[in-house]
Amino acid sequence: MKVGLLGCGSVAWWIHRRALAGIRGVTLAAAADPDPDARARFARVSGVEPCEGADELLGRGDIEAVLICAPTYLHATLALAAAAAGKPFYLEKPVATTLHDARCVVAAVGSGLTAVTGFNRRHHPLFEQARALLAQGAIGRVHAVQTSFCEAAAPGGMPAWKRRRATGGGVLLDLASHHIDAVRWMLATEVRVVSATIASEVTEHDEARLTLETDTGATAQCFFSFVTGPAEWLQFIGDRGTLRIDRHTARLTLSRPRTRSYGAREAPVLPTSAVLRWRAERTLRPAADPSYRRALRAFIEEVRGGAPRSASLTDGLRSLETVVAAEDGTCASS
């Protein structure tokens, strides 16, 4: 299968280019980016000579699917162009910067066209195992969720578009969208914003605190930041114990009440084969994250006629609806 990349920036450079190389039967055959420096850098490492315009790539009859990994403010425009060209597409989250544009994208995709949202956490081995444990009732009914996702980002290292909300910047679109989707997916529920506080300390919307309610009755408290040290974890608190996912330490911790004394004990959780492979990969590359490769593989399989296993465009819309609700009802600080 010949695949094209729309966008040759850092995500394509560091993640998608490498992830595609690890998928058997797939060839990165084309790329496009309006930035000549990005095109030149991408050509040096990929062997693919990118074109300037998306229309040229989308007009090629040999390109069977496209990955959209351009800046967020271009997501909707490129997704609509891919849909008009009849190209299956993998769209990095968020679907768009506005609800109107996101709804236009969802409406433009017909029933016969494969189009997914790039919520790669759904394909992370640790998240997959945690979801299975929750579905099996490992901690009973979930009453509360706590999450944190922080990525330190110096303003000088950020592209200009990522420093402003209007062009797709801010922690809500960049980080919170992942955890909003994770809570929906892992608990098989819908969420709504109860309260939100957004701060702009260095760049616009670079820190946020959200409280969410789910249809299943659980309340989630979430913290996101570009100005703190790195962290990504989710903790689920149920009536029979707690389950914690920590992506950076590669740990899944299940705690249950002690039967003969006060307090809690850590219950053994055997890692899945996918988790074991990821941990082995981390010994050589500590930053290794197989979820991108696995997410793209799931998309390719769906394009080839396999069963859907990825987040849909509607899932992307639901996440964006929650982000916008947080912004609309927020108490902002500076």
Side-chain angles (χ1 to χ4, degrees), residues 4-12 15-16 32-34 53-55 57-58 65-110 113-122 149 158-185 190-193 196 198 203-206 208 210 224 295 299 310-330:
L5 275 177
L6 295 179
C8 297
S10 58
V11 171
I15 296 174
H16 294 316
D33 197 297
D55 290 344
L57 186 153
L58 292 172
V66 295
L67 313 183
I68 300 173
C69 45
T72 299
Y73 67 91
L74 296 173
H75 283 188
T77 299
L78 294 174
L80 290 171
K87 302 290 188 185
F89 63 89
Y90 178 103
L91 177 60
E92 268 298 342
K93 58 79 202 166
V95 172
T97 59
T98 70
L99 289 179
H100 173 268
D101 287 351
R103 288 166 181 153
C104 287
V105 171
V106 172
V109 176
L113 185 68
T114 298
V116 306
T117 305
F119 283 127
N120 57 291
R121 296 298 184 276
R122 292 192 179 206
F149 193 177
M158 276 188 177
W161 67 266
K162 207 169 184 178
R163 302 173 202 168
R164 298 178 57 246
R165 166 57 178 88
T167 49
V171 293
L172 290 177
L173 288 173
D174 198 54
L175 304 180
S177 57
H178 274 299
H179 279 199
I180 292 166
D181 181 72
V183 171
R184 289 184 64 247
W185 175 66
E190 292 297 340
V191 301
R192 66 180 181 87
V193 174
I198 303 172
T203 59
E204 192 171 19
H205 292 190
D206 56 14
L210 302 185
F224 308 99
F299 165 66
S310 301
S312 66
L313 292 179
T314 300
D315 289 319
L317 174 60
R318 294 290 171 265
S319 175
L320 184 61
E321 286 172 341
T322 305
V323 166
V324 172
E327 294 169 336
D328 288 348
T330 189

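Residue indices begin at 1 and follow the sequence shown. Note that these values count all heavy atoms, side chains included, but never hydrogens, waters or copies made by symmetry.
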Review point. Taking all non-hydrogen atoms of both residues, which atom of Ala32 and which atom of Gly53 are closest, and how far apart?
Key: CB-O, 3.7 Å
Review point. So which heavy atom on Val109 is nearest to which on Ala83, and how close?
Key: CG2-CB, 4.4 Å
Exercise for review: Please answer whether the main-chain N or O of Asp181 pairs with a side-chain N or O of Ser319 as donor and acceptor at a distance below 3.5 Å.
Suggested key: no
**Study point:** Pairs satisfying salt bridge (Lys or Arg N to Asp or Glu O under 4.0 Å), at least one member in residues 69-85, at least two apart
**Key:** none
Practice item. Would you check if Thr167 and Pro71 make a side-chain contact, meaning some heavy-atom pair closer than 4.5 Å? Key: no
Check your understanding: Can you name the closest pair of heavy atoms from Ala326 and Ile198 and give their distance?
Key -> O-CD1, 4.4 Å
Study note, to complete from the structure: CD1 of Ile68 to CG of Leu78, rounded to nearest 0.5 Å, is 5.5 Å
Review point. Does Met158 offer a backbone N or O that forms a donor-acceptor pair with the side chain of Arg163 under 3.5 Å?
Key: yes
Revision key, fill the gap. Here the gap from Leu173 atom CG to Tyr73 atom OH, rounded to the nearest 0.5 Å, amounts to 14.5 Å
Exercise for review: List the steps and the verdict of side-chain contact (heavy atoms from CB on, under 4.5 Å) for Val193 and Val323.
Suggested key: CA-CA 8 Å; Val193 174; Val323 166; over 6 Å; no
Under 3.5 Å donor-acceptor pairs involving side-chain atoms of residues 92-100, not counting sequence neighbours:
residue : atom : partner : partner atom : Å
Glu92   : OE2  : His16   : NE2          : 3.0
Lys93   : NZ   : Asp174  : O            : 2.6
Lys93   : NZ   : Asp174  : OD1          : 3.4
Thr98   : OG1  : Asp101  : N            : 3.1
Thr98   : OG1  : Asp101  : OD2          : 3.4

Check your understanding: How many angstroms lie between NE2 in His178 and CZ in Phe224, if you round to the nearest 0.5 Å?
Key -> 10.5 Å
Study note, to complete from the structure: Output for pair (Asp206 CG, Leu175 CG), nearest 0.5 Å, gives 10.5 Å
**Study point:** side chain to side chain contact (heavy atoms under 4.5 Å, CB included) against Ala311, all qualifying residues, sequence neighbours excluded
**Key:** Thr117, Phe119, Arg122, Asp315
Review point. Which distance, rounded to the nearest 0.5 Å, do you find between the CG of Leu172 and the NE2 of His179?
Key: 13.0 Å
Study note, to complete from the structure: Value for CG (Leu317) from SG (Cys104), rounded to nearest 0.5 Å, stands at 11.0 Å
**Study point:** side chain to side chain contact (heavy atoms under 4.5 Å, CB included) against Ala85, all qualifying residues, sequence neighbours excluded
**Key:** Leu58, Lys87
Exercise for review: Over all heavy atoms of both residues, which pair between Ala196 and Leu210 is shortest? Give the atoms and the distance, please.
Suggested key: CB-CD2, 3.4 Å
Check your understanding: Do you know which two heavy atoms are closest between Leu91 and Ala79, and how far apart they sit?
Key -> CD2-CB, 4.1 Å
Exercise for review: With sequence neighbours excluded, tell me which residues meet side chain to side chain contact (heavy atoms under 4.5 Å, CB included) with Thr77.
Suggested key: none
Review point. If you look at every heavy atom in Gly4 and Leu57, which pair is closest and at what distance?
Key: CA-CD1, 4.1 Å
Exercise for review: Please test Leu80 against Val105 for side-chain contact (heavy atoms from CB on, under 4.5 Å), starting from the C-alpha separation and ending with a verdict.
Suggested key: CA-CA 6 Å; Leu80 290 171; Val105 171; 4.2 Å; yes
Check your understanding: So, do Phe299 and Leu67 sit near enough that their side-chain heavy atoms are less than 4.5 Å apart?
Key -> yes
Check your understanding: Considering residues at least two apart in sequence or located in another chain, which fulfil the side chain to side chain contact (heavy atoms under 4.5 Å, CB included) criterion with Pro34?
Key -> none
